Amino acid sequence: MIEAIEELERVIKEIAPFSVVEIEVPPQEELGDISTPQAMALAKILKKPPRTIASDIIDRLSTSDIFRSAEIAGPGFINLRFSDAYLQNWLRRVLRGEESALIRKVNQPKKINVEFVSANPTGPLHLGHGRGAATGMAIVNLLRKAGNSVVAEYYINDAGRQVRLLGESVFARYKELLGIRYPFPDDGYRGEYVREIALRILNKIGSVYRESSFEEVAEFFIKNSIEIMMERIKEDLHAFGVYFDNYQSERELYINGDVDSAIEFLRSSGYLYEKDGALWFASSRFGDDKDRVLKKSDGDYTYFSSDIAYHKKKIDRGFDLIINIWGADHHGYIPRLRAVLKALSYPEDRLKIHLVQMVNLLRSGRPVQMSKRAGEFVTLKEIMDEVGVDSTKFIFLTRSPDSHLDFDIEVAKKQSSENPVYYVQYAHARVMSIFRFAEEQGISKDKLRDISIGLLGLEEERRLIKKLIQYPLVFEKALRSLEPHRITFYLQELAGLFHSYYNRYRFVNEDKELTNARLCLAKVTGTILKEGLEILGVNAPERM
RNA sequence: GCGCCUGUAGCUCAGUAGGAUAGAGCAACUGCCUUCUAAGCAGUGGGUCGGGGGUUCGAAUCCCUCCAGGCGCGCCA
């Protein structure tokens with residue numbers, strides 16, 4: 001597939017150097033194995049009839065190695081069929097474990113920062129964070145598989161009013177545990193976890209702050225509360241199979257002077273001014289709808305200031321690409337951040353902000369009450385325990401990030417035997433099971449003889465092979481759009497073809513040559529299922 | 001009021017840098033386990049792609065408009 005893509009790219013770029021080459025799988029398999037509508041897209045630019053362009057493209061293709069046929073269809077589609085020799089050679093390479101058969105590495109690996117989750121350390125992760133976590137991790141996996149050097153990063157908002165409020169809430173519970181009356185802060189965090197944090201602090205330090213006011217011990221309580229909270233958040237993330245390479249603290253940006261130096265930088269560039277006793281950034285000069293305050297008239301910095309410092313630091317760290325994965329409720333923030341990066345002369349196309357839409361939690365069709373104020377909300381941990389990690393991730397990654405997601409706990413659980421995730425995992429487990437059986441018959445998975453595609457002439461076998469070879473194309477499309485759900489859907493289709501074939505034919509049979517060929521097919525299927533599941537961060541079980 | 005996202009089968013959703021006869025899972029119904037795992041397979045039914053207009057050889061996809069839902073519009077984070 002990769003050679004086919006490259007051949008088409010080569011030829012199309014000869015004709016139209018700046019066009020983006022679009023390759024797809026035809027809607028009906030009778031039409032061909034792959035196709036391109038490129039000739040029609042080029043017709044307007046080149047001012048030639050699409051079929052003439054198509055014919056020109058076909059003439060330039062060196063069809064013999066890769067393609068068996070190339071035809072013009074309809075208004076100007078080019079439909080191509082792979083030659084048996086090419087298919088056989090590709091299968092052989094996958095069998096040998098050659099990664100280059102599955103993934104085309106990027107020409108120039110990039111240093112990429114992907115920031116996601118970044119939940120405030122004021123409470124446990126909830127389901128919405130889970131969606132961001134699953135999506136972000138899958139995007140990181142995609143980028144890494146393509147050969148990039150990726151830093152998965154979590155930005156900890158551990159400065160400002162919210163964490164102070166957490167500290168005070170914990171302090172109030174601490175006093176309470178000591179049997180001392182203390183007014184609970186008005187908008188304080190009332191969740192049970194706050195009490196747990198207080199208890200841990202109590203166990204650690206005892207009653208030494210029995211008589212203290214919050215002002216006296218604020219630093220201590222804030223710092224410790226955040227640490228305990230982050231510990232728990234990391235535990236949840238790890239249980240969810242999500243790992244960060246770097247946790248960047250907002251507080252440190254202040255302490256290390258990054259905020260001051262970022263502001264100085266903007267000031268020296270002439271983008272700051274004072275008005276009404278506050279310090280403003282002229283973001284409207286860079287596309288934002290209005291200017292934004294960096295330093296309030298009371299002397300405190302806004303959150304925006306540290307965010308500027310944070311992104312300046314990312315740029316200074318030398319990333320070629322900065323990807324932020326945000327919850328959709330932050331979308332209003334995009335123009336001002338883009339304005340910042342413009343002011344910092346960072347090329348516009350090197351900042352990508354991907355929004356992940358909100359998750360509604362339901363139980364049997366009814367919305368689950370979520371009151372953050374009262375501390376009543378369902379945590380990601382609870383969902384993981386009740387529904388399962390793989391199933392939860394799969395549900396997140398079976399939807400476009402743009403779509404609002406209704407997550408029904410009962411449906412996610414009830415489907416647990418018919419859930420698409422098990423369907424895909426089951427296909428993998430079946431491949432493994434076939435090899436366990438073959439092993440009993442004295443056929444080792446690692447000692448398969450060369451595959452001969454001539455023995456795989458059944459319609460179902462051809463269909464499966466053609467689905468398998470689509471994997472590199474699906475990967476590239478997922479990578480280009482940073483949309484892991486494309487992989488998820490592909491895996492379901494692949495699993496479907498495999499199950500169907502499995503049900504009808506025997507892999508291990510009386511004919512040794514045929515058995516060998518079919519086992520090769522099973523092995524390639526297993527490899528690709530595993531490869532795809534790896535990107536999603538979902539387990540590929542040996543047995544179920 | 002302004003901005004972003006969404007509206008596709010009874011339900012949950014794919015498909016949208018314009019492309020071929022709009023797909024899948026669930027639910028419903030009918031069959032298939034003495035042979036590599038039935039968490040599976042085979043089959044049946046199910047659609048004004050929210051409405052209306054426009055651009056185009058061609059629109060679920062682009063533009064305009066209206067309707068519906070979600071989210072956001074602070075010297076909060």
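Throughout, a chain's letter reflects where its sequence line sits, starting with A, and its residues are numbered from 1. Since we're looking at a predicted model, the values are computed, not measured. Heavy-atom basis, side chains included; hydrogens, waters and symmetry copies ignored.
Contact between the side-chain N/O atoms of A/K275 and the OP1/OP2 oxygens of B/rC75 is not found at any separation under 4.0 Å. Close to B/rA38, at under 4.0 Å from its OP1 or OP2, lies a side-chain N or O of A/R430. A close approach under 4.0 Å does not occur between any side-chain nitrogen or oxygen of A/Y303 and OP1 or OP2 of B/rA77. Between A/H330 and B/rC4 there is no side-chain N or O to OP1 or OP2 distance below 4.0 Å. Applying the 4.0 Å criterion to OP1 and OP2 of B/rG74, one finds that A/T302 has every side-chain N and O outside that range. At the phosphate of B/rA77, neither OP1 nor OP2 sits under 4.0 Å from any side-chain N or O atom of A/Y310. Between A/T398 and B/rU12 there is no side-chain N or O to OP1 or OP2 distance below 4.0 Å.
Looking at heavy-atom distances under 4.0 Å, A/V163 makes no contact with the nucleic acid at all. Among the protein residues, A/L405 comes within range of the sugar-phosphate backbone only, with heavy atoms under 4.0 Å from sugar or phosphate atoms but none that close to a base. Looking at heavy-atom distances under 4.0 Å, A/H331 makes contact with a base. Within the nucleic acid shown, A/Y333 comes within 4.0 Å of at least one base atom, counting heavy atoms only. Within 4.0 Å (heavy atoms only), A/D298 reaches no atom of the nucleic acid at all. Among the heavy atoms of the strands lying under 4.0 Å from A/Y505 is at least one base atom, whether or not backbone atoms are also near. Contact annotation for A/S297: base contact, defined as any heavy-atom pair under 4.0 Å involving a base atom. Note on A/Y423: only backbone sugar-phosphate atoms sit closer than 4.0 angstrom, heavy atoms only; bases stay farther off. The residue A/R292 sits apart from the nucleic acid: no heavy atom pair falls under 4.0 Å. Residue-level contact check: A/A278 touches the bases, meaning some heavy atom is under 4.0 Å from a base atom. Looking at heavy-atom distances under 4.0 Å, A/R504 makes no contact with the nucleic acid at all. Across all strands shown, A/K290 has heavy atoms under 4.0 Å from sugar-phosphate atoms exclusively, and none from any base. Residue-level contact check: A/F507 touches the bases, meaning some heavy atom is under 4.0 Å from a base atom. Among the protein residues, A/F435 comes within range of no part of the nucleic acid, since none of its heavy atoms lies under 4.0 Å from any strand.
With rounding to whole Å, A/I395 atom CD1 is found 17 Å from B/rG25 atom P. Residue A/D158 contributes atom CG, which lies 12 Å from atom C1' of B/rA77 at whole-angstrom precision. What separates CG of A/D406 from P of B/rA14 is a distance of 12 Å, to the nearest Å. Atom C1' of nucleotide B/rU21 and atom CZ of A/F77 are separated by 12 Å, given to the nearest angstrom. One interatomic measurement links the two molecules: CG of A/D300 to C1' of B/rG74, which rounds to 15 Å at whole-angstrom precision. Between the C1' atom of B/rA39 and the CE atom of A/M432 lies a distance of 17 Å, rounded to the nearest Å. Here the C1' atom of nucleotide B/rU16 and the CD atom of A/E24 are 12 Å apart, to the nearest Å. Between A/N503 atom CG and B/rU35 atom C1' there is a gap of 13 Å when expressed in whole angstrom units.
Atom P of B/rG25 sits at a distance of 8 Å from the matching atom of B/rC41, rounded to the whole Å. Between B/rU30 and B/rC11, the two P atoms lie 23 Å apart (nearest whole Å). For the C1' atom pair drawn from B/rC63 and B/rA22, the interatomic distance equals 22 Å after rounding to whole Å. Between B/rG23 and B/rG45, the distance separating the two P atoms is 14 Å to the nearest Å. Comparing B/rA20 with B/rA77, their P atoms sit 50 Å apart, to the nearest whole Å. As rounded to the nearest Å, B/rU55 and B/rA9 have P atoms that lie 28 Å from one another. For the C1' atoms, the distance from B/rA60 to B/rG15 is 8 Å, rounded to whole Å. For the C1' atoms, the distance from B/rC49 to B/rG18 is 15 Å, rounded to whole Å.
For the pair A/R430 and A/Y502, the cation sits on the ring face: its NZ or CZ lies under 6.0 Å from the ring centre, inside 45° of the axis.
One donor-acceptor pair, N or O on each side, does fall under 3.5 Å between the base of B/rA17 and the side chain of A/E22. Side-chain to base pairing of A/D329 with B/rG72: no donor and acceptor N or O lie closer than 3.5 Å to each other. Contact annotation: side chain of A/H404 to base of B/rC5, donor-acceptor pair present below 3.5 Å. Remark: the A/N79 side chain and the B/rA20 base include a donor-acceptor N/O pair separated by less than 3.5 Å.
Of the listed nucleotides (B/rU6, B/rC41, B/rA20), B/rA20 has the atom at the smallest distance from the side chain of A/Q28. Of the candidate nucleotides B/rU12, B/rG15, B/rA17, B/rU12 has the atom nearest to the side chain of A/R399. Among B/rC4, B/rC75, B/rC5, the nucleotide with an atom closest to any side-chain atom of A/V293 is B/rC75. Candidate nucleotides B/rG25, B/rG15, B/rA17 were compared by shortest atom distance to the side chain of A/S400, and B/rG15 ranks first. When distances are taken from the side chain of A/M358 to each of B/rG70, B/rC13, B/rC75, the shortest belongs to B/rG70. Comparing B/rA20, B/rC13, B/rG15 against the side chain of A/S35 picks out B/rA20 as the nearest. Closest contact between the side chain of A/M40 and the listed nucleotides B/rG19, B/rC4, B/rA39 involves B/rG19.
Ring geometry for A/F304 against A/Y333 counts as perpendicular: the plane angle is over 60°, on a 0 to 90° scale with 30° as the lower cut. Using bins of under 30°, 30° to 60° and over 60° for the plane-to-plane angle, the ring pair A/Y271/A/F286 lands in the perpendicular bin.
The residue among A/A159 and A/Q357 whose nearest nucleotide of RNA chain B lies closer to the 5′ end is A/Q357. Comparing A/A438 and A/H499 along RNA chain B, the residue whose closest nucleotide (by nearest heavy atom) sits nearer the 5' end is A/A438.
A ring-centre distance under 6.0 Å is not found for A/Y422 and A/F394. Taking the six-membered ring for Trp and the full ring otherwise, the centers of A/F507 and A/F435 sit at least 6.0 Å from each other.
Nucleotide B/rC26 forms a pair with B/rG10, judged by Watson-Crick or G-U wobble geometry with both contacts under 3.5 Å. Using the Watson-Crick or G-U wobble rule with both distances under 3.5 Å, B/rC73 pairs with B/rG1. A 3.5 Å limit on both hydrogen-bonding distances identifies no Watson-Crick or G-U partner for B/rA20.
The NZ atom of A/K47 lies 12.5 Å from the CG atom of A/L42; values are rounded to the nearest 0.5 Å.
Pairing each heavy atom of A/A133 with each of A/F116, the nearest pair is O-CE1, 3.6 Å.
None of A/K466, A/R462, A/R81 except one satisfies the side-chain hydrogen bond (donor to acceptor under 3.5 Å, both in side chains) rule with A/D33; the exception is A/K466.
Remark: A/K295 does not engage A/E274 in a salt bridge, criterion side-chain N to carboxylate O under 4.0 Å.
Side-chain contact of A/D260 with A/Y301: a donor-acceptor pair under 3.5 Å is present, judged by distance alone.
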